[in-house]
Amino acid sequence: MNYQDLANLIFPDAKPISYYEEKYPPRNLKEGAIVTRFAPSPTGFVHIGGLMQCVINRHLTNQTQGVFLLRIEDTDQKREIENGVKQIVDAISDFGIEFDEGMINETEEKGNYGPYKQSKRADIYQAYTKYLLQQGRAYPCFATPEELEEMRKKQEAAKIRTGYYGVWAKYRNLSVEEAAQKIKNGEPYIIRFKSMGNEEKKIRHHDVIKGNIDFPQNDQDIVIIKADGLPTYHFAHAVDDHLMRVTHVIRSDEWVSSIPLHLELFQALGFQTPKYCHYAPILKEEDGKKRKISKRKDPEAAVSYYHEEGIPAKAVCEYLMNIGNSNFESWRRQNPNSPMAEFQFDISKMSVSGAIFDMVKLLDVSKNVISKYSKEEIYEESLAWAKRYDKELENLLQDREYSLKIFGIERGNSKPRKDIAKWSEVKDAISYMYDDYFFSAKEEFTYAKIDDKQEIQKILKTYLEKYFDIADDKQTWFDRIKDLSQELGYAREVKMAKQEPEKWPGHVGDVSTVLRVSLTGRQNTPDLYEIMQVLGKESVTKRIQRILS
Ligand code: GLU
């Protein structure tokens, strides 16, 4: 009896691997095209680090006319949740990212290199396991849980590395006959990889981001097929990356320690290794210490958080690109209006040390991104957000024409307004422009320098009677406020009050503030002239009259 016979005994029906090699031929892509993948478990949860991976992978595959695929790694079925795949696809798609190939939902997929869900690939893994058995690079292991536990205890007591390797690998050297006999006797078993590595020897690996790294060789005989017949992650991903013709594995560096094992698996399977690109995960600073953003502790770890907050997808992606590539920021400064797609991403410039996630910076990026939106884009995106998360805002936005006028204030010029960082701020930023909302709000107004009630009434009354004409152009409008200031004993120019502060109770700016607060309830707003134009004569008059009465 030989390896071949043992392989046939274990997997009598598995196809030869040549079948799959032909079924999934090398891709016919342009030179330099990157094929890469996002390979989550179907937990439904997408971590901000996962989104960063998608932003970068999508950008690079677009840049090189490559392929970006979604592979679902569901070999650990305990982690699966209902609709987990659909939730992942939707969460990523909320950020404007679509996959070229892969799962679309729990059951459907697109692309010629599938199935894209590992639980549907059992026959493929069997074929490659059979191949390893034939080569003497895999073997059935009959260790019981008790045996393994005992082994671990001995290793711990002796203070040596735990695991199934070298002399500890009890079933590694079983003869083919002995193994076959046990199988025929019905003894339960799993399949292990037979490592040829030596922990005392080193291998050198070249990582596209980290450069050369020396590792001890792998010597663990890891499980490749579990008792449930499904493969383990390490083995499955090697087979999949090969058959899906992945050229680059771009993933967070929590996987870098698995490299010796992955390289040995690729080699034993006769596969060419993809290029590995391990980047540092996004960090968070807390009490002066850096740590990974944690799913358990940090709400911002979940991508759904950004969507719920209404931070535009474009801003989140742009910020992640910022974290992803150190030269993005200077490119953005030089090309403030270019679409992000024009940025040439350089994998080797990704972070090795880990960038700190900075919400203030993200919101700053977001303000910039929104400032470049047209009023129509702002309207559509905030309405879409409101429909999901804020009924009150949705109601405000009913009147499209009027809302567009509001969003048009201080926009489309060379210095557009930058007061909105997320859609959840829109209601507060515009609600005072709607009469229904404005008149029903109960808040007291806080005036600034001029805050005497009678004085305020005098200013408003005089303004309404003598100086208010909705048809005025901006210059005339402002000249009239100056006239009003002068008539009531205020400095008509700010600089006059600056030169002789004791002479004036206030200046034209203070008078404008009275008008601003009375019309909007706020001391800071976008351009008051534009606001009054949008409100219109009737609303302005009503707002002033309310204070007068
Ligand atoms: N399924 C692994 C994960 O959940 C994929 C790791 C990889 O990209 O190779 O992160």
Side-chain angles (χ1 to χ4, degrees), residues 34-58 60-61 66-81 84-85 87-89 91-92 97 99 101-103 109 113-121 124-125 205 207-210 213 215 218 222-224 226 230-266 269 271-282 292-296 301-303 324 347 350:
I34 288 178
V35 180
T36 189
R37 78 299 193 276
F38 180 47
S41 303
T43 58
F45 180 85
V46 182
H47 189 277
I48 183 75
L51 179 61
M52 173 157 122
Q53 191 184 347
C54 289
V55 169
I56 290 165
N57 285 354
R58 182 69 273 176
L60 275 167
T61 45
V67 177
F68 183 29
L69 58 92
L70 174 65
R71 180 170 77 225
I72 297 300
E73 305 209 325
D74 62 342
T75 58
D76 178 2
Q77 301 198 314
K78 285 193 289 294
R79 297 181 61 199
E80 198 152 344
I81 69 151
V85 178
Q87 284 180 33
I88 290 174
V89 172
I92 301 288
I97 297 173
F99 297 94
E101 292 177 13
M103 298 310 294
E109 61 175 32
Y113 286 79
Y116 294 91
K117 199 182 197 185
Q118 290 182 329
S119 56
K120 295 270 177 298
R121 300 171 64 79
I124 303 179
Y125 304 125
H205 160 68
D207 189 275
V208 178
I209 298 169
K210 292 181 178 296
I213 320 175
F215 292 98
N218 169 63
I222 61 141
V223 177
I224 55 177
K226 300 178 290 175
L230 284 174
T232 53
Y233 154 73
H234 297 294
F235 177 63
H237 107 287
V239 171
D240 296 346
D241 282 345
H242 170 68
L243 289 180
M244 294 176 187
R245 306 293 171 179
V246 166
T247 62
H248 289 64
V249 171
I250 307 166
R251 63 186 172 193
S252 118
D253 67 9
E254 65 189 300
W255 295 103
V256 81
S257 58
S258 304
I259 280 294
L261 168 62
H262 291 177
L263 293 180
E264 198 190 359
L265 282 168
F266 270 84
L269 287 158
F271 301 159
Q272 205 191 336
T273 45
K275 287 200 165 70
Y276 283 102
C277 318
H278 289 98
Y279 57 84
I282 308 176
K292 278 193 214 168
I293 294 195
S294 133
K295 175 175 167 179
R296 272 180 305 111
V303 297
I347 308 181
M350 289 186 73

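Counting starts at 1 for both ligands and their atoms, following the listed order.
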Under 3.5 Å, side-chain donor or acceptor atoms of residues 253-260 against the rest of the protein: list the pairs with distances, not counting sequence neighbours.
unit_1	atom_1	unit_2	atom_2	d
D253	OD2	K210	NZ	3.0
E254	OE2	S252	OG	3.2

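The closest protein non-hydrogen atom to atom 10 (O) of ligand 1 is W255 CZ2, 3.4 Å. Atom 6 (C) of ligand 1 has its closest protein heavy atom at Y233 OH, 3.3 Å.
In this structure, T247 contributes its side chain and V35 its backbone to a donor-acceptor pair below 3.5 Å.
With sequence neighbours excluded, the residues satisfying ring pair (Phe, Tyr, Trp, His ring centres under 6.0 Å) with H278 are Y276.
Where the criterion is an N or O separation shorter than 3.5 Å, residue side chain and backbone included, R37 meets it with respect to ligand 1. The shortest N or O to N or O distance between H237 and ligand 1 is not under 3.5 Å. Ligand 1 has a nitrogen or oxygen under 3.5 angstrom from a nitrogen or oxygen of A39.
Below 4.0 Å from some heavy atom of R251 lie the following atoms of ligand 1, by number and element: 7 (C), 8 (O), 9 (O). Residue E73 approaches ligand 1 through these ligand atoms, each under 4.0 Å from one of its heavy atoms: 1 (N), 2 (C), 5 (C).
Aromatic ring orientation, H205 versus F215: tilted (interplanar angle from 30° to 60°).
Looking at heavy atoms from C-beta onward, I293 lies in side-chain contact with H47 at the 4.5 angstrom threshold.
Under 3.5 Å, the side chains of E101 and Y116 contain a donor-acceptor pair of N or O atoms.
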